[in-house]
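Atom set for the values below is all heavy atoms of this structure, side chains included, hydrogens, waters and symmetry mates excluded. Letters go in sequence order (proteins before strands), and every chain restarts at 1.
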Protein chains: 2
Amino acid sequence: MTFSYEFPRAALTVDCVVFALDESDLKVMLIQRDISPFEGKWALPGGFVRIEETVEDAARRELQEETGLEKVFLEQLYTFGDIDRDPRERVVTVAWYALVRLSDHRVKAATDARAAAWFGMDDLPQLAFDHDRILELAYQRLQNKVRYQPIGFELLPQKFTLTQLQHLYEIILDRTLDKRNFRKKILGMNVLQELDEVETDVAHRAARLYRFNKQRYREMVKQGVNFEI
Amino acid sequence: MTFSYEFPRAALTVDCVVFALDESDLKVMLIQRDISPFEGKWALPGGFVRIEETVEDAARRELQEETGLEKVFLEQLYTFGDIDRDPRERVVTVAWYALVRLSDHRVKAATDARAAAWFGMDDLPQLAFDHDRILELAYQRLQNKVRYQPIGFELLPQKFTLTQLQHLYEIILDRTLDKRNFRKKILGMNVLQELDEVETDVAHRAARLYRFNKQRYREMVKQGVNFEI
DNA sequence: TCAAAAGTGTTGAGCGTACACCCATGC
DNA sequence: GCATGGGTGTACGCTCAACACTTTTGA
């Protein structure tokens, strides 16, 4: 069975840049291609948009199928519509980026036959198609957005220490921050809930745990306070 | 002649939100539809992406064909991929927004048979499809972006007064600004070139004209100075 | 000479930044 | 008791915001 149209149509795909945070590194999930073109090369998880699903649903489905990830933070990045992106035929792709807690999704890499793996942002393999451009844009977007929207928390466990949070910003923004100033600022925003718990299993004084309070964040936004690191 | 594929494919279109600045208003260009669905309703200029052109080229071509606009500032906004956006069939649209100088494109509205017209942002008609959502998102994007990127100049004549520039920000951001503070700030950024010219044909003291210096802006960015209103 | 808009400085408050030491805990 | 990171305050400079009067020009 085939589907016919009066004019030629591009194929429509989605591709996802999935970021996670290691102890000391920003990581991206990549899938090793097992078919031509670019067989053996690494690529972003993604695939064709089906006719009965929205573009966002397609991104979530592909993420689930290829990496086992569900219910993650997902935001549209950009649509890449150059003519020769794909050597086979015209393919337009809607790119997305996702933020996940590595702890939740440790080694759940390969759900189907293909190999999936986390790569450090400064240890990337050569990528298939124009996926290097997509990844670069996603990284820039993350660096910009993390500074004025509280999306970084998506990369941390629900309960985290202020030092973990500071490291997150240092890793993503690629610069060091002053401990005292960072704490003053983030606590002054009134969006962190101080818990009655501390770290465990550390070989030194245990740090206090905090939780991001989304509700309080929304109230703050309404009051015109704006989140900015 | 028809084109056949193994799986059904969505149609791919582009839609453009074209902003311009009147003396006292932010305007959007709309086209009156002359065919079903939504016949007679106003809609964003746009149309199908051809197989041999990039998505951006399609946006520029449609803009040219439907409104006569060429060489304008154009940036991708978002891709709308809901299933029932178009009652006829599955259509995914890549939305763009454009900024133009109204002076350059005064009444050049209707190039083809359809009526085209500028509408004030607070005097919009009902729109076809989900174009109200697209327009709303474009407006938000403009409001955000104009504050930290020097894109406002795309809406003014090449030579402008500081008062014109201030009004631009007041109209887009929908709040008043302090004259002295505004001038201090914008001049302090070192991206405006003071000309040896003044306004003409005004019934009061003529204001000095300035020009945006893109080169100097890029130098400033390199030095880490960031544009922000 | 009048109307209209151009042009121009100062002050106070709040914010960002730089900076160093003691404390608690596990081994 | 020692190593490791946790936790804390102050002082200075800069930027932002508030605010009003004189000057220029054309009619």
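- Rounded to whole Å, atom P of C:dT8 lies 14 Å from atom CD of B:Gln166.
- Using five terminal pairs a side, the axes of the helix from C:dT1-D:dA27 to C:dC27-D:dG1 at its two ends make an angle of 0°, given in steps of 10 degrees.
- A salt bridge does not link B:Arg208 to B:Glu199: none of the charged nitrogens lies less than 4.0 Å from a carboxylate oxygen.
- Taking every heavy atom of residues 174-194 of chain B and every atom of DNA chain D, pairs under 4.0 Å involve B:Asp178, B:Arg180, B:Asn181, B:Lys184, B:Lys185, by number.
- Within a 6.0 Å sphere centred on NZ of B:Lys159, heavy atoms belonging to other residues, nucleotides or ligands number 12 at most.
- Relative ring orientation between A:Phe227 and A:Tyr217 is described as perpendicular, the plane-to-plane angle rising above 60° on a 0-90° scale split at 30° and 60°.
- Ring geometry for A:Phe80 against A:Tyr78 counts as perpendicular: the plane angle is over 60°, on a 0 to 90° scale with 30° as the lower cut.
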Next item on the list: Give the intermediate values and the outcome of side-chain hydrogen bond (donor to acceptor under 3.5 Å, both in side chains) for residues B:Thr93 and B:Asp15.
Entry: CA-CA 7 Å; B:Thr93 196; B:Asp15 286 299; 2.7 Å; yes

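- The aromatic rings of A:Phe19 and A:Tyr139 lie tilted to each other, with the angle between the two planes from 30° to 60°.
- For the pair A:Leu162 CG and D:dG6 P, the interatomic distance rounds to 9 Å; values are reported in whole Å.
- If you measure from atom CZ of A:Arg208 to atom C1' of D:dT8, you get 14 Å, rounded to the nearest angstrom.
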Look for any protein N or O under 3.5 Å of an N or O in nucleotides 23-27 of chain D and output each such pair with its distance, or none.
unit_1 : atom_1 : unit_2   : atom_2 : d
D:dT23 : O2     : B:Arg205 : NH1    : 3.3

